[in-house]
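For reference, the structure discussed in these notes is given below.
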Amino acid sequence: MAGERLTREYFARSVHEIAPELIGATLLFGGVGGVIVEVEAYDQDDPASHSFRGPTARTAAMFGPPGHAYVYRSYGVHWCLNLVCSPGERAEAALVRALEPTHGLEAMRERRGVEAARALCSGPGKLCQALGITRAQDGLPLDEPPFELLARESEPALAVGTRIGITRAVEQPWRYGFAGSPFLSRRF
DNA sequence: CAGTGGATGCTCT
DNA sequence: GAGCATCCACTGT
């Protein structure tokens with residue numbers, strides 16, 4: 001299921017190439033995690049992207065080197081994890097929206113306070129809570145512990161749709177998913 | 001099921 | 001001071 005490690009060099013390309021390839025990859029944090037089944041792409045010319053208006057204190061990691069984490073707080077309550085991509089000088093990122101839990105299910109259940117496997121990581125806020133990811137991981141490299149990111153070994157059936165929870169550039173088809181997975185945040 | 005609204009904190013205008 | 005890349009509980013079918 002899990003292939004070779006995705007290095008920071010891997011992320012030195014456009015998010016529009018990388019995001020669909022991430023479906024089926026394995027993401028672990030401290031040995032806990034699973035298979036990425038849903039991501040969204042955000043580029044710098046995108047009004048919905050945090051990098052659209054240029055660098056700020058919050059978005060510094062998104063303007064940093066690719067292959068690192070960009071973690072931000074959402075609605076004052078949740079954390080959301082992005083994988084920073086960059087073709088040259090552009091600040092782009094893939095928002096990890098859902099995992100199929102495969103490693104450390106009991107740790108996830110404790111942190112989430114729910115039992116059902118499909119409720120553990122079926123949303124960007126949920127998966128950060130399940131894995132224990134917070135602002136403390138903002139800017140950390142993805143190719144070193146406690147992160148572990150492994151390429152997929154086979155190509156899954158890909159679902160494509162519009163992004164969720166945004167108010168600008170709503171029509172861009174930059175949401176990618178593992179077609180038919182029961183672990184998505186929403187059906188396509 | 002579908003739709004609504006509250007919680008909550010921080011960033012940027 | 002508004003608005004937000006969310007989640008959950010609650011309502012009404």
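Below, chain A is the first sequence line, B the second, and so on; all start at residue 1. The model shown is predicted, which means the values in this text are computed figures rather than measured ones.
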Any Lys/Arg nitrogen of Arg5(A) or Glu148(A) sitting under 4.0 Å from an Asp/Glu carboxylate oxygen of the other?
-> no
Whenever both distances are under 3.5 Å in a Watson-Crick or G-U wobble pair, mark it; put DNA chain C into dot-bracket that way, with [ ] for crossing pairs and | when the partner is on another strand.
-> ||||.|||||||.
Nearest whole angstrom, please: distance from the C1' of dC1(B) to the CZ of Arg186(A).
-> 14 Å
Donor-acceptor pair under 3.5 Å: do we get one between Tyr72(A)'s side chain and the base of dA5(C)?
-> yes
Arg135(A) NZ/CZ over Tyr72(A) ring centroid, <6.0 Å and within 45° of normal = no
Run the ring-centre check on His50(A) versus Tyr42(A) and record whether the distance is less than 6.0 Å.
-> no
In whole angstrom, give the distance that lies between atom CZ of Arg163(A) and atom C1' of dT6(C).
-> 16 Å
Decide if atom CD of Glu9(A) counts as having more than 12 heavy atoms of other residues, nucleotides or ligands within a radius under 6.0 Å.
-> yes
Take the protein atom CD1 of Ile164(A) and the nucleotide atom C1' of dC4(C), then report the distance between them rounded to whole Å.
-> 16 Å
Could you give the NE2-to-C1' distance, from His50(A) to dG3(C), as a whole number of Å?
-> 11 Å
Mind calculating the distance between CZ (Arg58(A)) and P (dT13(B)) to the nearest angstrom?
-> 10 Å
Thr56(A) side chain, from C-beta outward: closest of dC4(C), dT11(B), dC10(B) = dT11(B)
Hey, is Arg163(A) close enough to Glu171(A) for a salt bridge, meaning N to O under 4.0 Å?
-> no
His68(A) (side chain) donor-acceptor with Gly139(A) (main chain) under 3.5 angstrom = yes
Leu83(A) CG to dA5(C) P, in whole Å, measures 18 Å
Are the charged groups of Asp46(A) and Arg168(A) less than 4.0 angstrom apart, N to O?
-> no
Does Arg8(A) use its side chain to pair, donor to acceptor, with the backbone of Asp143(A) at less than 3.5 Å?
-> no
Has Thr167(A) got a side-chain N or O lying under 4.0 Å from the OP1 or OP2 atom of dC4(C)?
-> yes
Rounded distance (Å) that lies between atom P of dT11(B) and atom CE of Met62(A) | 16 Å
Single-linkage hydrophobic cluster, 4.5 Å side-chain cutoff, Leu150(A) and Leu6(A) together | no
Check whether the aromatic ring of Tyr42(A) stacks on the base of dA5(C), taking stacking as ring centres less than 5.5 Å apart and planes within 30° of each other.
-> yes
Short side-chain N/O contact to dT11(B) OP1/OP2 from Arg135(A), under 4.0 Å | yes
Could you go through nucleotides 7-9 of chain C and list every protein N or O atom that sits under 3.5 Å from one of its N or O atoms, giving the distance for each pair?
unit_1: dC7(C); atom_1: OP1; unit_2: Pro124(A); atom_2: N; d: 3.2
unit_1: dC7(C); atom_1: OP1; unit_2: Gly125(A); atom_2: N; d: 2.8
unit_1: dC7(C); atom_1: OP1; unit_2: Lys126(A); atom_2: N; d: 3.0
unit_1: dC7(C); atom_1: O4'; unit_2: His78(A); atom_2: NE2; d: 3.2
unit_1: dC8(C); atom_1: OP1; unit_2: Arg112(A); atom_2: NH1; d: 3.2
unit_1: dC8(C); atom_1: OP1; unit_2: Arg112(A); atom_2: NH2; d: 3.1

Between atom CZ in Arg73(A) and atom C1' in dG3(C), what is the gap in whole Å?
-> 16 Å
